[in-house]
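To start, the structure itself, in structure tokens.
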Amino acid sequence: MDNSATRDDPLSPAVIAYNPQAIEQKWQRTWQERGTNHTDLQRAQRPFYALMMFPYPSAEGLHVGNLFAFTGNDIYGRFQRLMGHNVFEPLGYDAFGIHSENYALKVGKHPMDLIPKNIDNFQRQLESAGLMVDWRASLRTTDPVYYKWTQWLFLQLLKQGLAYKKTAAVNWCPSCKTVLANEQVVSGGFCERCKTEVEQRLLEQWFFRISDYAPRLLANLDHIDWSETTKTAQRNWIGRSEGAELEFRTRKVKGDECTIRVFTTRPDTIYGATYMVLAPEHPLVDALTTSKEKKKVDAYRDKTTKQDLVARKTSTDKTGAFTGSYAVNPATEKEIPIWISDYVLMEYGTGAIMGVPGHDQRDFDFASKFDLPIVRVVCGEREDANSPLHEAFTECEAGTLVNSGMFDGYEVEPAKKAIVDFLAKSGSAKPVVNYRLHDWCISRQRYWGPPIPIIYCDDCGTVPVPEKDLPVVLPFIEDFKPDDSGVSPLARHEEWYRVACPKCGKTGRRETDVSDTFLDSAWYFLRYPSVNHDDVPFEKNVTKKWLPVTSYIGGNEHAVLHLLYSRFITMVLHDAGHLDFEEPFTRFRAHGHIIREGAKMSKTQGNIVNPDEYIESWGADAFRTYLMFLGPYEQGGDFRDASISGTRRFLDRLFASVQSMSSEGSADQSVMRKLHQTIRKVSEDIPRLSYNTAVAAMMEYINILRKGERTPHRDEVVPLITLVAPFAPHLAEELWEQTGGNGSVFDSAWPAFDPMLAKEDTIELVVQVNGKLRGKILVVPDIDESAAVVAALADPTVARFVGGTPRKVVFVPGRLLNIVV
RNA sequence: GCGGAAGUGGCGGAAUUGGUAGACGCGCUGGACUUAGGAUCCAGUGGAGCAAUCCGUGGGGGUUCGAGUCCCCCCUUUCGCACCA
């Protein structure tokens with residue numbers, strides 16, 4: 001669809017048509033030649049680090065969703081530059097990971113060949129979109145000079161005691177044939193990537209102690225400037241709950257006494273604990289199981305470990321087995337039976353609970369099924385100790401304790417504290433805060449990632465690769481296909497993993513697992529300003545100048561993955577003395593997502609849009625402006641082909657206005673007033689990412705500018721070039737040049753807003769009678785109430801509705817007059 | 001079940017603190033220019049009514065001079081998390 005041809009009206013040769021393709025090519029070339037997008041990292045006086053989440057370079061190329069995200073950041077960055085900042089807007093590639101590897105497998109190519117091609121394609125697309133990216137500071141996580149430092153990072157965590165190896169039940173994706181972090185298991189048990197049901201497997205894996213940082217990760221959320229939605233997601237994921245750890249003594253178990261520790265948020269209900277449940281994997285199960293019950297317990301454990309996660313999590317039907325042993329309730333001193341059941345999770349709390357069927361629905365279901373006693377220990381307003389329970393009573397407010405010995409009559413909240421205090425005297429209770437956040441499993445049994453820099457030696461054990469030997473280069477191997485063995489394809493390559501132990505020199509064996517892609521991306525923002533420093537991960541002075549990141553924009557799908565990991569890694573580096581800040585992103589805003597035909601645009605939905613064709617037919621500037629106009633940036637919006645013509649028309653009119661404007665005479669005062677109102681509006685909207693309304697304001701202005709057949713004056717038009725520049729950078733540069741501007745428009749100043757020029761000399765005062773609109777009167781802005789009433793009553797409609805004497809008058813100066821009769 | 005976001009014309013969406021509901025754009029209708037128009041320009045466009053006017057922001061209550069906006073109840077959509085003790 002070539003619109004430009006028809007725009008060349010042969011009858012009016014004086015009109016030069018707006019040809020975006022030519023203009024965009026010209027300016028992309030000029031920017032490159034002039035280094036317009038380069039940031040002087042050393043000399044910058046007012047550094048502004050405008051970061052966007054880097055893309056994974058897929059073979060399909062950049063899609064509209066990426067461009068929507070990047071454009072939003074670009075506009076913000078360009079605006080800040082026009083406001084006088086030295087803006088640094090880098091962009092790199094998150095090129096390691098299962099994504100790329102799976103695709104390579106699918107098309108039968110090697111990721112080492114595929115990735116550079118994909119990146120070339122991305123680079124071409126990104127450049128055609130006109131982003132203000134300083135490509136000299138680009139990076140790719142697959143580059144050994146980059147992942148050398150990813151490996152270094154692992155060693156730092158190891159040094160700090162924050163990396164450890166353990167055998168654990170981990171999430172295994174049978175399709176991707178690798179372990180997944182908890183954050184990568186979605187919808188209660190499916191692989192985030194391929195949606196396959198996740199299995200539980202016992203494997204030896206490397207973990208990072210992110211859970212040690214839970215209190216800080218949570219507390220800092222209160223004072224960072226982030227989208228609330230993101231902070232809420234992180235708070236929920238970290239999952240703080242306040243409660244108590246209680247100890248239950250058991251009767252002699254094979255000659256010894258032992259104690260079972262439970263975590264509860266409801267210590268007040270301890271008098272109602274009529275049984276205990278351990279997770280099937282709980283270490284005490286064997287010791288507690290009597291010989292009589294052994295068969296049943298073993299059979300149950302066998303069944304639950306084989307069962308996949310989904311069946312286990314979706315079933316509400318309770319199952320379990322009795323161990324044959326009993327514990328003593330420390331409050332009632334009664335013996336209560338000890339059971340095992342899969343509704344108790346080993347990963348949370350202590351892996352054991354006290355069963356309070358009266359006041360927890362899950363316990364109620366379990367007790368009902370196995371005929372365990374159900375005792376009421378809290379009652380509501382119209383109940384007493386004997387009121388029957390048909391389901392668990394879980395209300396806390398307005399609950400009073402009953403059947404609870406000396407605590408009868410206590411309200412729930414004070415009872416929690418009183419009971420813990422009381423039990424603490426005998427050492428069987430202490431207040432505890434529990435977090436849902438688990439340690440971060442970073443091992444991946446795959447090929448396409450940075451090898452974990454560890455060497456195992458029969459004599460020296462687990463030996464870190466010395467920093468001087470980094471990087472541990474990922475070798476090129478043909479057979480990188482993962483298998484079911486639970487080890488990486490690298491484990492099939494003895495020539496690679498057989499190496500001398502760095503400590504003793506005897507033959508050792510490399511760790512063959514690679515690290516999680518999210519480790520690559522947990523620190524990339526530290527690297528950009530330092531990409532030219534080969535000897536350090538991030539150079540001290542440049543880091544001091546540019547970090548933490550001034551503004552970060554990205555998708556909320558990373559709220560509990562990338563964004564949490566990045567905060568953790570930054571804290572670790574801070575604690576180890578490598579950084580002098582502990583929060584990486586001063587300001588973060590989550591952008592929305594583009595919807596098409598009612599569905600989120602994604603590859604699986606098959607409704608992705610390739611931006612190339614749109615840029616080609618409408619121009620990058622019109623397309624960028626359209627993307628920003630289609631809905632509120634932080635909420636996303638509906639992508640509809642038909643609407644792009646509107647933003648293109650807007651740019652056409654701007655172009656035409658510059659061609660036809662006149663320098664003679666003087667600017668129209670009311671147009672200038674509107675101009676300054678527009679400057680104010682756009683200047684306010686861009687910082688709060690309200691791009692759609694900023695574009696609307698500029699459209700409104702250009703409609704006024706061209707109203708009727710008038711020839712716009714130069715002074716009315718030129719400032720608009722700068723206002724539109726963040727959205728349509730190529731066109732703005734062209735018009736800037738045409739109107740005699742020096743250098744790049746982006747090195748000029750944002751138009752100054754003059755409140756005096758924006759001020760209206762008359763306003764429309766809304767007149768209501770009994771709150772209903774009955775008229776509008778033109779008055780001076782600072783009119784007082786009595787004058788306004790007089791003017792209003794002069795309006796026949798108003799006078800008719802008012803009739804007699806007003807009972808009351810509400811006057812909002814400059815806005816509205818409401819006459820109540 | 002828990003938590004978040006949202007519900008406004010034919011459509012995408014506007015509406016700082018409660019103060020003109022529907023900005024801006026698409027689409028649609030009519031007109032101008034034209035050999036032609038899927039280009040451009042002009043006018044109109046929430047619904048009903050000739051009109052004065054009335055009705056309108058998912059539904060129902062409430063507070064207020066005044067409610068899309070605040071409070072209570074309900075419905076719907078959507079996105080996270082999910083046996084978290």
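The side chain of Lys707(A) approaches A43(B) more closely than any other nucleotide in the set A43(B), G3(B), A52(B). Between C41(B), A52(B), C26(B), one nucleotide has an atom nearer to the side chain of Arg649(A) than all others, and that is C26(B). Closest to the side chain of Trp237(A), out of G25(B), A85(B), C81(B), is C81(B). Each of G19(B), A85(B), C55(B) was ranked by its minimum atom distance to the side chain of Val812(A); first place goes to G19(B). For Thr264(A), the listed nucleotide lying nearest its side chain is A85(B); candidates were A85(B), G3(B), G27(B). Each of U20(B), U53(B), C41(B) was ranked by its minimum atom distance to the side chain of Lys776(A); first place goes to U20(B). In the set A85(B), U20(B), C41(B), U20(B) carries the atom at the smallest distance from any side-chain atom of Glu764(A). Distances from the side chain of Lys318(A) to the nucleotides C83(B), G4(B), G25(B) place C83(B) closest. When distances are taken from the side chain of Leu773(A) to each of A85(B), A21(B), G19(B), the shortest belongs to A21(B). Checking A85(B), U53(B), C26(B) against every side-chain atom of Ala642(A), the shortest atom distance belongs to C26(B).
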- Message: Between Phe639(A) and Tyr614(A), is the side chain to side chain contact (heavy atoms under 4.5 Å, CB included) condition met? List the steps.
- Response: CA-CA 12 Å; Phe639(A) 185 91; Tyr614(A) 290 90; 3.8 Å; yes
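Taking the centre of each ring, Tyr275(A) and Phe366(A) come in below the 6.0 Å mark.
Within a heavy-atom distance below 4.0 Å of RNA chain B, the residues of residues 814-821 of chain A found are Arg815(A), Leu816(A), Asn818(A), Val820(A).
In this structure, the side chains of Tyr271(A) and Val375(A) stay at 4.5 Å or more apart for every pair of heavy atoms. Side-chain contact check for Ile763(A) versus Ile783(A): every heavy-atom pair is 4.5 Å or farther apart.
Side-chain atoms of Ser241(A) and Asn434(A) form no donor-acceptor pair, as typed in the model, at a separation below 3.5 Å. For Thr319(A) and Tyr300(A), the side-chain atoms include at least one donor-acceptor pair closer than 3.5 Å.
Remark: the Glu557(A) side chain and the G80(B) base include no donor-acceptor N/O pair separated by less than 3.5 Å.
For U63(B), there is no paired base (Watson-Crick or G-U wobble, both distances below 3.5 Å). When both distances must be under 3.5 Å, the Watson-Crick or G-U wobble mate of G44(B) is C28(B). If you check G49(B) for Watson-Crick or wobble pairing at under 3.5 angstrom, you find it has no partner at all. Pairing partner, U34(B): none, since no Watson-Crick or wobble contact has both distances short of 3.5 Å. For A5(B), the paired nucleotide is U77(B), the pair qualifying as Watson-Crick or G-U wobble because both relevant distances are below 3.5 Å.
G9(B): glycosidic angle within 90° of 0, hence syn.
Residue order along RNA chain B, read from the 5' end via each residue's closest nucleotide, puts Glu684(A) first among Val810(A) and Glu684(A). In terms of position along RNA chain B, the nucleotide closest to Gln768(A) lies nearer the 5' end than the nucleotide closest to the other residue of the pair Gln768(A) and Gly646(A).
Annotation: side chain to side chain donor-acceptor pair (under 3.5 Å) contacts involving residues 690-702 of chain A, sequence neighbours excluded, comprise Lys674(A)-Glu700(A), Asp685(A)-Thr693(A), Ser690(A)-Thr693(A).
Taking only side-chain nitrogens and oxygens, Lys231(A) never comes nearer than 4.0 Å to OP1 or OP2 of G80(B). In this model, the phosphate group of G25(B) is approached by a side-chain N or O of Asn703(A) to a distance below 4.0 Å at OP1 or OP2.
In this structure, OH of Tyr701(A) is placed 17 Å from C1' of C24(B), rounded to the nearest angstrom. Atoms CD (Glu242(A)) and P (A85(B)) sit 12 Å apart, rounded to a whole Å. Atom P of nucleotide A23(B) and atom CD of Glu700(A) are separated by 9 Å, given to the nearest angstrom. Rounded to an integer number of Å, the gap from CD1 of Ile702(A) to P of C41(B) is 11 Å. Rounded to whole Å, the distance from CG on Leu765(A) to P on G19(B) is 15 Å.
Lys416(A) contributes no side-chain N or O that, together with a main-chain N or O of Ala244(A), makes up a donor-acceptor pair within less than 3.5 Å.
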N/O contacts under 3.5 Å, protein versus nucleotides 5-13 of chain B?
residue, atom, partner, partner atom, Å
G12(B), O2', Leu630(A), O, 2.8
G13(B), O3', Asn692(A), ND2, 3.4

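The pair Asp268(A)-Lys417(A) does not count as a salt bridge, with every side-chain nitrogen at least 4.0 angstrom from each carboxylate oxygen. Using a 4.0 Å cut-off between a side-chain N of Lys or Arg and a carboxylate O of Asp or Glu, Asp365(A) and Lys369(A) do not qualify as a salt bridge.
If you take atom C1' in G68(B) and the same atom in A6(B), they sit 13 Å apart, rounded to whole Å.
Distance check: Glu764(A) CD to Leu778(A) CG gives 6.0 Å after rounding to the nearest 0.5 Å.
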